[in-house]
Number of protein chains: 2
Amino acid sequence: MKQGEQTKLSIIKAANKLFYQQGFHKTAFSDIVKEVGLSKGNITYHFKSKDDILTAVIEHRVERTKQILTTWDQDYANADTRLLCFIDSLIDGKSALTRYGCPNGTLASELGKSNELTRQLSHRVFDLIRQWLSTQFLALGYSSEQANDRALDLFTRGQGICVLAQVYNDEDIFELQVNHLKALVSEKINS
Amino acid sequence: MKQGEQTKLSIIKAANKLFYQQGFHKTAFSDIVKEVGLSKGNITYHFKSKDDILTAVIEHRVERTKQILTTWDQDYANADTRLLCFIDSLIDGKSALTRYGCPNGTLASELGKSNELTRQLSHRVFDLIRQWLSTQFLALGYSSEQANDRALDLFTRGQGICVLAQVYNDEDIFELQVNHLKALVSEKINS
DNA sequence: TCAATATTAGTACTATTGTACTAATATGTA
DNA sequence: TACATATTAGTACAATAGTACTAATATTGA
């Protein structure tokens with residue numbers, strides 16, 4: 001990897017962390033500069049504006065999400081195992097999810113209010129996950145329409161749990177509610 | 001009502017609107033000044049800081065929420081009617097909820113990341129609604145624990161729906177999913 | 001009434017915002 | 001090697017942030 005690409009990546013990672021932990025608007029350009037540990041001029045060389053960094057961060061999240069979903073596809077043969085894997089990943093991340101909410105959900109909530117472009121970008125991460133969930137339910141024997149419903153339902157509840165857990169800053173609520181989601185996966189078809 | 005109280009209220013209402021539609025950090029002090037239509041000095045006379053306005057806005061939301069819940073309690077005798085009323089209110093507000101998300105959820109998501117005080121304030125609005133929902137389920141015959149579960153579940157899903165609908169900017173997703181919630185209310189006990 | 005207080009407007013101020021620009025250095029290539 | 005380009009650092013800048021301050025006007029109560 002070329003030197004510049006390396007730097008670009010470290011900028012994206014630093015910004016990604018800050019946008020998640022502080023929100024986009026709360027995060028100043030200088031915060032990113034400080035977090036990366038390079039000069040201001042260096043950052044603006046690689047990204048001419050804060051919005052450019054945001055776009056790159058979302059692109060990065062899209063790629064990272066694709067990567068994770070692909071890994072699960074490769075590592076697990078059964079759809080129900082994969083779905084449980086998705087749910088377990090929520091529990092694994094409960095500390096951050098409870099503290100800062102869902103990275104994609106909170107960013108979309110913040111940006112969706114005023115910025116149509118970034119709403120659409122966030123939208124892409126959501127589509128990836130929804131699509132993947134739907135595919136798993138399809139493999140479990142649900143009809144196409146039912147699978148979409150299940151996926152949307154599971155996703156919706158996951159987002160809701162993140163919001164509630166963050167508001168109450170309560171990991172127990174988070175874990176308890178997420179465990180309820182497991183029932184959705186193992187439920188009998190056509191219930 | 002004294003003149004000053006009137007002004008204070010108009011400031012709160014303007015800020016409330018902007019915090020909802022743009023988010024807290026995106027909303028500048030000057031935005032509020034413009035929205036209220038009074039001088040900058042006048043605003044700082046009534047609220048010495050932007051954070052003070054925020055606190056007042058949340059207090060206002062708490063009072064407004066109490067008021068609405070009380071009205072429902074007075075107007076409807078049956079708990080299931082009240083719960084349907086709650087759900088219908090979501091559908092009534094679907095346009096704004098889809099465009100800007102849930103006022104309380106999105107504000108809490110934004111502020112909960114960095115500001116512990118306002119997280120706790122948002123927390124209060126959530127408690128009011130959760131408590132009320134729980135009371136209704138209790139009246140329907142659920143046990144105390146079950147009622148709490150139901151309330152949390154209903155609330156969680158409502159929040160999740162708002163996030164998804166906003167991300168997709170899709171009122172149909174919103175209405176469809178909210179209608180699913182009605183099943184939660186009319187479901188048989190102990191299912 | 002008049003004095004005290006409440007309210008409003010307008011301006012000033014410092015700090016910080018995001019971005020632009022220049023100069024220096026590193027890297028790669030012919 | 002020498003040249004061109006990529007990368008980095010440092011500084012400068014106009015614009016805006018939030019708040020403080022003063023003066024003018026309204027309102028109130030004795």
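Throughout, a chain's letter reflects where its sequence line sits, starting with A, and its residues are numbered from 1.
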Distance-minimising heavy-atom pair for Leu128(B) and Leu69(B): O-CD1, 3.8 Å
Taken to the nearest whole Å, CD1/Ile43(B) to C1'/dT8(C) is 10 Å
Let me know the distance between CG of Leu9(B) and P of dT7(C), rounded to the nearest Å. 14 Å
Least distance between heavy atoms, Tyr76(A) atom then Arg82(A) atom: O-NE, 2.7 Å
How many whole angstroms separate atom CG of Leu54(A) from atom C1' of dG18(C)? 14 Å
Qualifying residue for side chain to side chain contact (heavy atoms under 4.5 Å, CB included) with Leu83(B), from Leu184(B), Leu140(B), Asn78(B): Leu140(B)
What is the distance, rounded to the nearest whole Å, between atom CG of Asn42(B) and atom P of dT25(D)? 15 Å
Reading 5' to 3' and counting Watson-Crick or G-U wobble pairs with both distances under 3.5 Å, write the dot-bracket notation for DNA chain C, | for bases paired outside the strand. ||||||||||||||||||||||||||||||
To the nearest angstrom, how far is Lys8(A) atom NZ from dT8(D) atom C1'? 15 Å
Is His25(A) close enough to dT17(C) that one of its side-chain N or O atoms is under 4.0 Å from OP1 or OP2 there? no
If the threshold is 4.0 Å, N to carboxylate O, is there a salt bridge linking Lys66(B) and Asp73(B)? no
Contact under 4.0 Å: His46(A) side-chain N or O vs dT8(D) OP1/OP2: yes
Short N/O separations, protein against nucleotides 19-25 of chain C, under 3.5 angstrom:
residue, atom, partner, partner atom, Å
dT19(C), OP2, Lys50(A), N, 2.7
dT19(C), O4, Lys40(A), NZ, 3.2

Quickly work out the Ile32(A) CD1 to dT17(C) C1' distance and round it to whole Å. 12 Å
Would you say dG18(D) has OP1 or OP2 under 4.0 Å from some side-chain N or O of Ser30(B)? no
d(OH, Tyr45(B); P, dT25(D)) in whole Å: 17 Å
Knowing that exactly one of His123(B), Glu116(B), Arg124(B) qualifies, which makes a side-chain hydrogen bond (donor to acceptor under 3.5 Å, both in side chains) with Gln120(B)? Glu116(B)
Donor-acceptor pair between Thr27(B) and Gln22(B) side chains, under 3.5 angstrom: yes
Take the protein atom CD of Gln6(B) and the nucleotide atom C1' of dA6(C), then report the distance between them rounded to whole Å. 15 Å
Side chain of Ala28(A) only, please: which of dT17(C), dT8(D), dT8(C) is the nearest? dT17(C)
With a 4.0 Å cut-off on N to O distance, would you call Glu35(B) and Lys13(B) a salt bridge? no
Going by an N to O cut-off under 4.0 Å, is there a salt bridge joining Asp88(B) and Lys182(B)? yes
Are Arg130(A) and Tyr168(B) in a cation-pi setup, meaning NZ or CZ lies under 6.0 angstrom from the ring centre and within 45 degrees of the ring axis? yes
